Visitor: 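I'd like to ask some things about the structure below.
All of these numbers come straight from a predicted model, not from anything done at the bench.
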Amino acid sequence: VSQSRYKEAVGDGVADDTAAIQAAITALGANGGVVNLSPGTYRITSRINMNTRCILRGVGGGETTGAIGAVVVLKAATMTTEAILISSACCRIENIVVSGEAGKTGNGITIEGNAGGVSNCAVSTMGGIGIRIGEDSGSINCNSWSLRDVTCRNNGSHGIYIHSSSNNANAGVAVRVNCSNNSGDGIRNKLADKNTYVGCLTEGNTGYGWHFLNDSNHIAANTVIGGDTEGNTAGNVFVNIHSWYNTFINPGILEDTATFTKNTTVINPAFGRNRFVSGGTAEWFSNGPVGGSGLADTTEYMSVYDQCGVS
């Protein structure tokens with residue numbers, strides 16, 4: 001166990017604690033270990049790189065920097081990268097709030113290591129994405145990622161974005177994740193397969209609550225179980241024509257025919273091969289060749305259910 005206080009981190013929200021935290025991680029060596037952050041606000045001016053197998057652990061957690069006893073990693077206004085990068089396998093971030101000063105850009109947390117995880121954490125007010133899983137170029141394995149009891153709110157782009165150009169952001173799991181009031185999508189899943197989302201909330205985002213997309217026909221096979229999605233400006237769920245074999249089980253679509261065009265799932269049943277299982281009448285309509293767009297009545301869009309292979 002390595003204590004950040006031992007490495008002279010101040011934690012007063014003013015001093016630059018970047019070097020102290022990074023030195024504590026480096027001191028763990030190849031075998032890894034735990035870096036404990038005592039209650040306080042740790043201002044950083046460049047990314048913290050978790051480049052050895054380690055746990056970065058705070059206390060408490062919460063949605064705001066004012067949470068009593070919370071450990072806050074505060075991103076300086078001058079930063080353009082993520083606040084924390086998981087670049088090694090088997091790293092975790094626990095019980096930490098990642099927030100930022102006005103003017104900062106870039107993401108909150110990036111996972112580029114295999115079996116990387118975040119639990120009981122909150123990421124808010126980032127200029128970019130709250131949590132980014134995967135890479136835009138190259139070949140990095142970040143399969144088996146995990147997010148548990150995580151909040152991503154009020155970020156300048158998507159709450160969570162899972163995408164790997166090498167198709168290595170697969171077999172991950174997100175449990176009890178809250179992605180609300182972000183300026184992009186709540187949860188965006190692009191080139192990433194066989195991921196499972198359980199009991200997640202996507203609400204009040206400028207984009208879609210859930211957005212599943214690919215650039216070419218792709219067997220994605222992601223699963224969404226339960227949770228809730230409502231009040232997202234672009235729509236609650238969008239599955240594009242290239243994202244195949246996704247399964248939605250009671251995903252909590254808001255059932256309000258008065259706002260049908262805003263609170264719907266957009267799918268292309270002729271290409272998508274996606275499966276929807278619901279205990280009640282949900283609002284789905286097709287933007288593909290089956291039925292046209294914006295289906296108006298129950299009979300028509302239930303027939304689209306049948307042609308999508310819906311139970």
Side-chain angles (χ1 to χ4, degrees), residues 1-9 11 16-38 40-61 70-76 79-100 104 106-124 126 128-136 138-152 160-164 168-169 172-174 177:
V1 176
S2 177
Q3 297 284 355
S4 67
R5 295 289 190 188
Y6 172 75
K7 296 294 182 181
E8 300 181 350
D16 184 356
D17 287 324
T18 312
I21 297 173
Q22 191 64 60
I25 293 172
T26 301
L28 296 173
N31 291 329
V34 180
V35 173
N36 287 313
L37 298 176
S38 303
T41 298
Y42 297 84
R43 184 174 180 270
I44 60 172
T45 56
S46 61
R47 75 160 64 95
I48 301 299
N49 188 357
M50 298 176 68
N51 53 8
T52 190
R53 294 170 183 249
C54 66
I55 299 172
L56 184 62
R57 177 180 291 158
V59 294
V71 168
V72 179
V73 173
L74 182 67
K75 190 174 175 180
M79 286 187 64
T80 58
T81 65
E82 60 274 302
I84 305 173
L85 170 66
I86 294 178
S87 61
S88 179
C90 304
C91 290
R92 295 203 313 273
I93 302 170
E94 300 176 352
N95 311 329
I96 289 175
V97 175
V98 180
S99 187
K104 78 285 173 200
N107 304 331
I109 296 171
T110 298
I111 299 176
E112 293 186 351
N114 186 49
V118 180
S119 63
N120 195 32
C121 291
V123 183
S124 65
M126 293 296 105
I129 300 162
I131 297 178
R132 174 73 170 90
I133 301 171
E135 88 297 330
D136 293 319
S139 180
I140 296 174
N141 185 341
C142 51
N143 293 327
S144 300
W145 55 267
S146 67
L147 305 176
R148 297 178 184 274
D149 299 299
V150 170
T151 296
C152 291
I160 297 170
Y161 181 25
I162 308 98
H163 167 67
S164 166
N168 279 307
V173 61
V177 168

Visitor: Checking Glu94 now: which residues fulfil salt bridge (Lys or Arg N to Asp or Glu O under 4.0 Å) with it, not counting sequence neighbours?
Guide: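 With neighbours one apart ignored, the set is Arg57, Arg92.
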Visitor: Rounded to the nearest 0.5 Å, how far apart are CE of Met126 and SG of Cys152?
Guide: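 Between Met126 CE and Cys152 SG, I get 10.0 Å after rounding to 0.5 Å.
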Visitor: Using 0.5 Å steps for rounding, measure from the CE atom of Met79 to the CG atom of Leu74.
Guide: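 These two atoms lie 10.0 Å from each other.
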Visitor: Decide yes or no for Ile140 and Asn168: does some side-chain heavy atom of the first lie under 4.5 Å from some side-chain heavy atom of the second?
Guide: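 Counting from C-beta outward, Ile140 and Asn168 never come under 4.5 Å.
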Visitor: List in chain and number order the residues that pass side-chain hydrogen bond (donor to acceptor under 3.5 Å, both in side chains) with Asn31, two or more places apart in sequence or in another chain; answer none if no residue qualifies.
Guide: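 Asn31: no side-chain hydrogen bond (donor to acceptor under 3.5 Å, both in side chains) contacts found.
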Visitor: Using 0.5 Å steps for rounding, measure from the NE2 atom of His163 to the CD1 atom of Ile129.
Guide: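 The distance works out to 10.5 Å.
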Visitor: Below 4.5 Å, heavy atoms only, C-beta onward: do Lys75 and Val98 meet side chain to side chain?
Guide: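 A side-chain contact is absent here, since even the closest heavy-atom pair is not under 4.5 Å.
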Visitor: Indicate the atoms forming the closest heavy-atom contact of Ile84 with Leu56, along with that distance.
Guide: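 Scanning both residues completely, I find the closest heavy atoms to be CD1-CD2, 4.0 Å.
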Visitor: Can you tell me which residue among Ile55, Val34, Val35 is in a side chain to side chain contact (heavy atoms under 4.5 Å, CB included) with Leu28?
Guide: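 Testing each of Ile55, Val34, Val35 against Leu28, the sole residue satisfying side chain to side chain contact (heavy atoms under 4.5 Å, CB included) is Val35.
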Visitor: Kindly compute the distance separating CD1 (Ile131) from CD1 (Ile86), expressed to the nearest 0.5 Å.
Guide: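 So the CD1 of Ile131 and the CD1 of Ile86 are separated by 8.5 Å.
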Visitor: Measure across Ile160 and Val177 and return the closest heavy-atom pair with its distance rounded to 0.1 Å.
Guide: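 Ile160 and Val177 have their closest heavy atoms at CD1-CG1, 3.4 Å.
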Visitor: Closest heavy-atom contact between Ser99 and Val72?
Guide: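 For Ser99 and Val72, the tightest heavy-atom pair comes out as CB-CG1, 4.4 Å.
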Visitor: Give the minimum heavy-atom separation between Ile25 and Met50, together with the two atoms involved.
Guide: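 For Ile25 versus Met50, the nearest heavy atoms are CD1-CG, 4.1 Å.
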Visitor: Looking at Leu147, Ile96, Asp149, which one forms a side chain to side chain contact (heavy atoms under 4.5 Å, CB included) with Cys121?
Guide: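 With Cys121 as partner, side chain to side chain contact (heavy atoms under 4.5 Å, CB included) holds for just one option, Ile96.
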Visitor: Taking the side chain from Thr52 and the backbone from Gly29, do they hold a donor-acceptor pair closer than 3.5 Å?
Guide: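 Answer holds: yes.
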Visitor: Would you check if Thr45 and Arg43 make a side-chain contact, meaning some heavy-atom pair closer than 4.5 Å?
Guide: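 When only atoms from C-beta onward are counted, Arg43 and Thr45 do touch, with a gap below 4.5 Å.
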Visitor: Ignoring hydrogens and angles, state whether a donor on the side chain of Asn120 or Asn95 is under 3.5 Å from an acceptor on the partner side chain.
Guide: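 Checked: Asn120/Asn95 side chains pair up, N/O donor to acceptor below 3.5 Å.
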Visitor: Between Arg148 and Val173, what is the shortest heavy-atom contact and its length?
Guide: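 Smallest heavy-atom distance, with atoms named: NH2-CG1, 3.9 Å.
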Visitor: Which atom pair, heavy atoms only, marks the closest approach of Cys91 to Arg53?
Guide: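 Nearest pair, atom of Cys91 first, then Arg53: SG-CA, 3.9 Å.
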Visitor: Mind checking the OG1-CG spacing from Thr26 to Asn49? Nearest 0.5 Å is all I need.
Guide: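 One finds 8.5 Å between OG1 of Thr26 and CG of Asn49.
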Visitor: Using a 3.5 Å distance criterion without hydrogens, assess whether the side chain of Asn51 forms a donor-acceptor pair with backbone atoms of Ser87.
Guide: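 Such a contact is absent between Asn51 side chain and Ser87 backbone.
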Visitor: If a pair satisfies side-chain hydrogen bond (donor to acceptor under 3.5 Å, both in side chains) and one of its residues is in residues 106-117, list it, with sequence neighbours excluded.
Guide: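 Those involving residues 106-117 are Glu82-Thr110.
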